[in-house]
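Data block below; observations after.
Remember, it's a predicted structure, so these values are computed and weren't measured experimentally. Side chains are part of it too, since the values below use all heavy atoms of this structure and drop only hydrogens, waters and symmetry mates. Naming: A, B, ... by sequence-line order, numbering from 1 per chain.
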Amino acid sequence: MVTIRLTNSKSRKKEDFAPIDPANVRMYVCGPTVYDRAHLGNARPVVVFDTLFRLLRHVYGAEHVTYVRNFTDVDDKINAEALRRQKAGSPGTLEELIHGRTEETIAWYHADMDALGALRPTFEPRATEFIAQMIAMTEGLIASGHAYAVDGHVLFRVRSYKDYGKLSGRSVDDMIAGARVEVAPFKEDPMDFVLWKPSSGQEPGWASPWGKGRPGWHIECSAMAHELLGESFDIHGGGLDLQFPHHENEIAQSACAHPHGDFAHYWLHNEMLQVEGKKMSKSLGNFFTVRDLLDQGIPGEVIRFVLLMTHYRSPMDWTAEKARQARDTLLGFIELTRGVEPVDPDPLVLEALADDLNTPAAIARLHALRKANQGAALLASARLMGLLSFQPTVSSLAWGQHDEKHDQLANEIARKWAALRGNRDFAAADELKNLAAEAGVELQATKQAVGQGALAKLKENFDPVKLEALR
RNA sequence: GGCGGGUUGGCGGAGAGGUUACGCAGCGGAUUGCAAAUCCGUGAAGACCGGUUCGAUUCCGGUACCCGCCUCCA
């Protein structure tokens with residue numbers, strides 16, 4: 001069996017991966033807060049951990065891997081959006097508007113991540129479905145002296161957990177020294193964080209021993225991970241920005257609530273994403289969602305490929321040039337693998353992925369397979385990485401709008417063009433070629449018999465009406 | 001201020017203490033009605049300064065610059 005090696009943030013070292021139970025490998029990844037469309041930065045961990053999920057399924061068997069990714073559907077931003085809608089005149093109670101907003105966002109999220117070729121996790125729990133477990137866990141933490149209730153708030157006593165700060169390499173004293181922590185008057189210690197907080201007025205809330213309120217963000221993940229994966233599980237993933245405080249707090253809560261378990265054995269963090277060399281932000285005007293890119297005609301597969309071109313632990317930059325390169329590369333792969341039946345993935349691709357998910361090295365190997373004309377191995381290897389799962393019937397550049405009818409039409413024109421060239425009627429051939437170009441179809445001569453000596457490529461912006469007219 | 005990460009050829013981007021990364025672009029050639037595509041070949045790197053070593057881009061120290069987190073943004 002292949003040995004997977006992963007860089008564990010806990011030890012800051014690359015370690016051999018040894019699951020607690022090879023018959024049930026368990027992974028938890030922090031999912032989105034569902035208040036709006038997922039932006040490109042959200043897509044990176046999704047694609048990274050999807051690739052890991054696929055690798056684990058390949059190595060341990062698809063039915064022996066459990067992957068949990070939550071939806072945080074309790075949040076101020078969701079409430080704010082619902083309130084905004086109510087003020088704008090939307091019908092329904094605030095609660096209904098909140099529910100509507102989260103349902104809508106989850107549907108968007110699924111559609112967008114599906115487009116990136118990400119498999120659905122085994123479980124996608126919603127925070128609101130596990131409130132009882134969060135309350136129970138919070139009660140337990142109070143009983144064991146790790147938390148305290150004040151004025152409807154429950155706070156975790158950070159000083160009660162000696163290893164606090166270990167994951168992110170911070171000491172509590174250092175943090176307080178340079179801190180800009182706002183100290184609420186009811187806190188015993190500035191570092192203490194909220195497990196439960198009161199809900200005021202219309203805000204969504206649940207009955208609890210401390211009055212109507214809602215859970216703190218960190219306890220959500222701890223409770224859901226415990227409920228679905230147990231006291232100890234294998235991998236916990238997320239973006240590097242979550243390492244502190246979110247993951248640190250998760251560890252503290254879970255370790256104190258379940259002293260016999262040891263929570264996650266391997267912590268994985270993906271680096272952040274930039275756009276054209278700068279942090280993606282609304283103020284810089286370089287903020288965009290996955291849906292924006294899909295709507296521009298960039299296939300989800302191309303977005304996925306770009307994300308995999310950089311190792312997950314390096315910061316990565318999204319550029320239009322990379323998208324162009326990724327598209328051209330994938331087209332080359334598609335041409336070689338069309339009509340081919342996949343065999344086993346290439347051992348060197350597997351080896352690269354097993355080496356701390358070295359996707360750039362895996363892609364380099366994909367290039368080598370293409371060069372060696374190993375279409376079957378290329379297809380299988382690409383699919384292991386979540387690529388080439390769908391194949392256009394012609395070398396269509398228009399992944400998004402591609403359809404059978406226009407592919408057929410493009411092929412027909414290619415044959416016509418090949419026939420004219422065969423008759424050495426170059427004036428007519430050139431004219432057809434120019435007309436085709438205007439319709440958004442690029443005609444190319446080929447040596448192979450594909451399209452009988454010619455290949456038609458549908459561009460992203462092809463014009464169906466003009467194409468039809470070429471018949 | 002505290003903590004962490006990074007700096008590789010024109011661009012993107014890996015691994016390895018000594019042997020070709022790879023891709024894109026460039027250049028040369030083959031092929032071609034013209035193109036495109038394809039194929040073959042090819043130049044090009046390791047922020048800076050020291051140290052360890054027979055030998056460092058790879059290890060250690062320092063400097064500069066960049067980035068992230070410390071604020072419920074992945």
Side-chain angles (χ1 to χ4, degrees), chain A residues 9 12 29-33 35-36 38-49 69 72 74-77 165 167-171 173-182 191 193-194 197 215-221 237-249 269-274 277-282 287 305-306 308-317 319 321-322 324-326 328-329 331-332 335 352 355 358-368 370-371 395 421 424-427 429-430 433-434 437 442-448 450 454-455 457:
Chain A
S9 302
R12 290 177 182 70
V29 174
C30 294
T33 300
Y35 66 97
D36 205 352
H39 62 252
L40 189 61
N42 293 305
R44 173 120 101 142
V46 171
V47 168
V48 164
F49 292 107
R69 187 182 61 208
T72 295
V74 190
D75 185 84
D76 289 339
K77 286 183 189 145
L167 176 74
S168 54
R170 298 153 200 252
S171 80
D173 295 320
D174 284 350
M175 282 186 273
I176 290 171
R180 296 182 302 193
V181 183
E182 190 186 326
M191 292 308 297
F193 58 89
V194 167
K197 57 183 161 187
W217 178 40
H218 314 297
I219 195 78
E220 296 175 14
C221 284
L240 189 59
D241 57 336
L242 293 184
Q243 189 179 45
F244 186 89
H246 183 56
H247 292 162
E248 201 70 73
N249 293 354
H269 291 99
N270 61 277
E271 253 288 359
M272 311 306 278
L273 177 125
Q274 298 184 306
K278 289 186 176 150
K279 180 175 174 164
M280 183 161 76
S281 73
K282 284 179 179 168
F287 180 95
F305 195 88
V306 171
L308 294 179
M309 276 164 66
T310 303
H311 185 90
Y312 77 94
R313 289 196 305 109
S314 295
M316 84 149 272
D317 199 15
T319 63
E321 168 61 16
K322 275 187 182 174
R324 201 218 93 236
Q325 269 192 38
D328 289 351
T329 300
L331 278 172
E335 289 197 28
D355 181 16
N358 193 338
T359 51
I363 288 172
R365 180 60 190 161
L366 255 30
H367 284 293
R370 180 182 161 273
K371 211 163 190 173
S395 191
R421 292 180 69 240
R424 304 190 68 79
D425 187 352
F426 299 121
D430 287 351
K433 188 179 169 182
N434 288 336
E442 190 185 325
L443 291 169
Q444 289 180 356
T446 59
K447 277 184 180 166
Q448 305 98 314
V450 182
L455 187 64
K457 288 189 175 179

Across the strands shown, which category fits A/G41 at heavy-atom distances under 4.0 angstrom: base, sugar-phosphate, nothing?
base
Determine the contact category for A/R170: base if any of its heavy atoms lies under 4.0 Å from a base atom, sugar-phosphate if only primed atoms, P, OP1 or OP2 are that close, otherwise nothing.
base
With A/D75, which residues qualify under salt bridge (Lys or Arg N to Asp or Glu O under 4.0 Å), at least two apart?
none
Does A/K433 reach a base, just sugar-phosphate, or nothing at all? Heavy atoms under 4.0 Å.
base
Going by the rule salt bridge (Lys or Arg N to Asp or Glu O under 4.0 Å), which residues pair with A/R170 if we only count those two or more places apart in sequence or in a different chain?
none
Nearest-Å distance once atom P is located in both B/U32 and B/A45
36 Å
Consecutive-pair stems (3 or more, Watson-Crick or G-U, under 3.5 Å) for RNA chain B
B:1-7 with B:64-70, B:10-12 with B:22-24, B:26-30 with B:38-42, B:47-51 with B:59-63
Holding to ring pair (Phe, Tyr, Trp, His ring centres under 6.0 Å), I want the full list of residues that pass it with A/F49, two or more places apart in sequence or in another chain.
none
What does A/L366 touch in the nucleic acid at a heavy-atom separation under 4.0 angstrom: a base, only the sugar-phosphate, or nothing?
nothing
Taking the same atom, C1', in B/A47 and in B/C66, what whole-Å distance lies between them?
11 Å
Of all heavy-atom pairs between A/A326 and A/V306, which one has the smallest distance, and what is that distance?
CB-CG2, 3.6 Å
It should be established whether A/K371 places a side-chain nitrogen or oxygen under 4.0 Å from OP1 or OP2 of nucleotide B/G23.
yes
Please state whether the rings of A/F193 and A/H218 are parallel, tilted or perpendicular, taking 30° and 60° as the class boundaries.
perpendicular
Indicate, with a heavy-atom threshold strictly under 4.0 Å, whether A/T72 touches base, sugar-phosphate, or nothing.
nothing
Gap separating the CG atom of A/L40 from the CE atom of A/M316, nearest 0.5 angstrom
7.0 Å
What residues form a salt bridge (Lys or Arg N to Asp or Glu O under 4.0 Å) with A/D241, not counting sequence neighbours?
none
Identify the pairs formed between an N or O of the protein and an N or O of nucleotides 6-14 of chain B at a distance under 3.5 Å, and give each distance.
residue: B/G12; atom: O3'; partner: A/K322; partner atom: NZ; Å: 3.3
residue: B/G13; atom: OP1; partner: A/T310; partner atom: OG1; Å: 3.4
residue: B/G13; atom: OP1; partner: A/K322; partner atom: NZ; Å: 3.2
residue: B/A14; atom: OP1; partner: A/H311; partner atom: N; Å: 2.8
residue: B/A14; atom: O2'; partner: A/N358; partner atom: ND2; Å: 3.4

